[in-house]
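Here the structure comes first, spelled out in structure tokens, and everything after it is commentary.
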Amino acid sequence: MRKPEQQAAPASVPDRMAGKPGCNRQAESGRYVQKDCRTRKAVFTLSGERVVRFFCILLLAFCLFACTSPVPGNEVFSRAENAYSSGLYLEAEKLYEEYLQNFPQGDQRWRAWNNLYCIAGMVRNDNDKAMMLLEAMRLEYGGDSKRSCYVLDRQARLHAQNGHWGKAADAWRQVLRLEPVDNATICATILNLGRAYKMQGQYEAVLSLFRENSRAASHENTQEPGGEGGEDDIILPCTDALKYELAQVYTLVENWRNARDTLEDVIENGNQDKEDASVAKFLLADVYINLKQFEKALQLLESIRDVHPNPIAVQANISRVQGEIRKKNQKKNKK
């Protein structure tokens, strides 16, 4: 007789649990509790997404705050600008000084310096503080020729305003030594320097300055198109202005012939507007009077009677010249 096959004993709960791949067993209160690993994996994935999302939102909020929040330096400067434009100069002054002191690399320092100078020099009329500010600006922008030129010119004008013509001349000479400087600035500086010399009675220095630079300007203005000047040539658009100033100095030293020749050259060029030309002709008429050339003087004066800015002075000189002509004719008749 065939023996009955033995049936395998049913697997215990722990064995069945162990037989399922990817499952774990855990003893709890004397029992094994099955944990569904797929459920745990889903819970872990969901929790991870929430963490990543939280950090993304936090990073975005930080970026938005950083982009929209003003830099402290810009905030101080903005407050200073608002106070300045509102006429609150005391508050603006304090804020500009705070900005300059605390933000040495600020990108608005040039404007802050200039507005402080305007407050000191133009609002308060404190020329001593204005000069101190200009000196500080020279130290900060010594390597920038354009800004150094601007500061030196401001210093020269302030010295001239205070009657310190020697110091003004020194500052304008420094401007002419800067490179590169645009031609308009060169012209204005030469004219101002000449006036500073004239105010000090240094007529020879004025004559030398204007003669030298008017010749250089005349040489450049008469070059052929496309021609190149020498290394020392100065291209100046102010030939007539320099010559007019030169003629004025000739009259001060009573060098009437050079004054006449210089003014005739200026008028012949015809580069002035009607009013400027009338002023030059008025001065030339005065030169003719001193040279006893009364007919020429009268002709010039009558031509500018209606265009000169001071017609009363023109009429007075006309009457004077007419009287001189009558005297001259009377002497001829007596002979």
**Report entry** S148 side chain vs S145 backbone, donor-acceptor pair below 3.5 Å
**Finding:** no
Query raised in the report: With a 4.5 Å limit on heavy-atom distance, are the side chains of M137 and R154 in contact?
Result: no
Report summary line: To the nearest 0.5 Å, atom CD of Q248 lies from atom CZ of F210 at 8.5 Å
Query raised in the report: Should R157 and N192 be marked as a side chain to side chain contact (heavy atoms under 4.5 Å, CB included) after you check the CA-CA gap, both sets of side-chain angles, and the distance that decides it?
Result: CA-CA 9 Å; R157 292 174 185 272; N192 286 327; 3.7 Å; yes
Query - Within the 6.0 Å centroid threshold, strictly below: W110 and Y150 - result: yes
Requested in this report: Start with the C-alpha distance between K328 and E295, add both sets of side-chain angles, then the distance that settles side chain to side chain contact (heavy atoms under 4.5 Å, CB included), and finish with yes or no.
Outcome: CA-CA 11 Å; K328 183 179 178 181; E295 289 76 8; 3.7 Å; yes
Query raised in the report: Would you say M199 and L191 are hydrophobically clustered, going by side-chain heavy atoms of ILVMFWY under 4.5 Å?
Result: no
Query raised in the report: Quick one: do L88 and L116 end up in the same hydrophobic cluster if we chain Ile, Leu, Val, Met, Phe, Trp and Tyr together by side-chain heavy atoms under 4.5 Å apart?
Result: no
Query - Closest non-hydrogen atom pair, A160 against A168 - result: N-CB, 3.9 Å
Query raised in the report: Side-chain heavy atoms under 4.5 angstrom apart, residues restricted to Ile, Leu, Val, Met, Phe, Trp, Tyr: same cluster for Y141 and Y117?
Result: yes
Query raised in the report: Is any side-chain heavy atom of Q155 less than 4.5 Å from a side-chain heavy atom of Q174?
Result: no
Requested in this report: Check step by step if side chain to side chain contact (heavy atoms under 4.5 Å, CB included) holds for D128 and D126.
Outcome: CA-CA 6 Å; D128 291 337; D126 188 346; 3.8 Å; yes
**Report entry** Distance-minimising heavy-atom pair for V206 and G194
**Finding:** CG2-O, 3.4 Å
**Report entry** Backbone N/O of A196 and side chain of Q200: donor-acceptor pair under 3.5 Å
**Finding:** yes
Query raised in the report: Considering residues, nucleotides and ligands other than I312, do more than 12 of their heavy atoms fall under 6.0 Å from its CD1?
Result: no
Report task. Taking the side chain as every heavy atom from C-beta outward, state whether Q202 and W165 have any pair of such atoms under 4.5 Å apart. Result -> no
**Report entry** Cluster check I119, V151: I/L/V/M/F/W/Y, side chain < 4.5 angstrom
**Finding:** yes
Report task. State, to 0.1 Å, how close A259 and T251 come at their nearest heavy-atom pair, and which atoms those are. Result -> CB-CG2, 3.9 Å
Query - Near-ring test Y288/F294, centroid separation under 6.0 angstrom - result: no
Query raised in the report: Under a 4.0 Å N-O cut-off, is there an ion pair linking R111 with E81?
Result: yes
**Report entry** Basic-acidic side-chain contact under 4.0 Å: K129, E97
**Finding:** yes
Requested in this report: Run the numbers on Q315 and R320 for side chain to side chain donor-acceptor pair (under 3.5 Å), then give the verdict.
Outcome: CA-CA 9 Å; Q315 185 57 50; R320 174 189 170 194; over 6 Å; no
Query raised in the report: Could E264 and K281 be called an ion pair, given the rule that one side-chain N must be under 4.0 Å from one carboxylate O?
Result: no
Report task. Indicate the atoms forming the closest heavy-atom contact of V76 with L95, along with that distance. Result -> CG1-O, 3.5 Å
Requested in this report: Using a 4.5 Å cut-off on heavy atoms from C-beta on, say whether the side chain of W113 contacts that of L100.
Outcome: yes
Query raised in the report: So, does T185 use its side chain to make a donor-acceptor pair with the main chain of C149 at under 3.5 Å?
Result: no
**Report entry** D276 side-chain N/O to Q272 backbone N/O, donor-acceptor pair under 3.5 Å
**Finding:** no
Query - Side chain proximity check, E204 to V253, heavy atoms < 4.5 angstrom - result: no
Query - Shortest non-hydrogen contact between A156 and A171, atoms and distance - result: CB-CB, 3.6 Å
**Report entry** Within-4.5 Å side-chain heavy-atom neighbours: I304 and V279
**Finding:** no
Report summary line: dist T189:OG1 -> L152:CG (nearest 0.5 Å) comes out at 9.5 Å
**Report entry** SB check D261 R257 (cutoff 4.0 Å)
**Finding:** no
Query raised in the report: Is K198 salt-bridged to E245, going by a charged N under 4.0 Å from an acidic O?
Result: yes
**Report entry** Trace of the side chain to side chain contact (heavy atoms under 4.5 Å, CB included) decision for R260 with L284
**Finding:** CA-CA 6 Å; R260 177 195 61 192; L284 180 56; 4.2 Å; yes
**Report entry** N-O pairing of E93 and R124 below 4.0 Å
**Finding:** yes
Query raised in the report: Between R79 and E98, does a salt bridge (Lys or Arg N to Asp or Glu O under 4.0 Å) hold up when you go through it step by step?
Result: CA-CA 11 Å; R79 288 165 56 201; E98 178 185 345; 5.3 Å; no
Query raised in the report: With a cut-off of 6.0 Å (strictly less than), are more than 12 heavy atoms of other residues, nucleotides or ligands near CZ of R173?
Result: yes
**Report entry** Main-chain N/O of L300 paired with S303 side-chain donor or acceptor, under 3.5 Å
**Finding:** yes
Requested in this report: Answer yes or no: are there more than 12 heavy-atom neighbours, outside E302 itself, under 6.0 Å from its atom CD?
Outcome: yes
Query raised in the report: Looking at OG of S208 and OH of Y197, how far apart are the two atoms once the value is rounded to the nearest 0.5 Å?
Result: 8.5 Å
Requested in this report: Over 60° means perpendicular and under 30° means parallel, so classify the ring planes of H159 and H164, tilted if in between.
Outcome: tilted
Query raised in the report: Is the number of heavy atoms from other residues, nucleotides or ligands under 6.0 Å of M132 CE greater than 12?
Result: no
Requested in this report: Assign the ring pair F77 / Y99 to parallel, tilted or perpendicular, where the plane angle (0 to 90°) is split at 30° and 60°.
Outcome: tilted
Query raised in the report: Does R109 use its side chain to pair, donor to acceptor, with the backbone of F103 at less than 3.5 Å?
Result: yes
Report summary line: The single option from N317, I289, I325 that satisfies side chain to side chain contact (heavy atoms under 4.5 Å, CB included) with L298 is I325
Report task. Enter the distance from W256:CH2 to N290:CG here, rounded to the nearest 0.5 Å. Result -> 3.5 Å
Requested in this report: Would you name the heavy atoms of I190 and L209 that are closest together and state the gap between them?
Outcome: O-CD2, 3.5 Å
Query raised in the report: Do the side chain of D286 and the main chain of F282 share a donor and acceptor less than 3.5 angstrom apart?
Result: no
Query - Backbone of D265 reached by a side-chain donor or acceptor of N269 within 3.5 Å - result: yes
Query raised in the report: Say you draw a straight line from CG of L246 to CG of N255; how long is it, rounded to the nearest 0.5 Å?
Result: 9.5 Å
Query raised in the report: Out of curiosity, does V175 fall in the hydrophobic cluster containing L193 (side-chain heavy atoms, cut-off under 4.5 Å, transitive links)?
Result: yes
**Report entry** Rounded distance (nearest 0.5 Å) linking atom CZ of R147 with atom CG of N114
**Finding:** 8.5 Å
Query raised in the report: Do L283 and L263 have side-chain heavy atoms sitting under 4.5 Å apart?
Result: yes
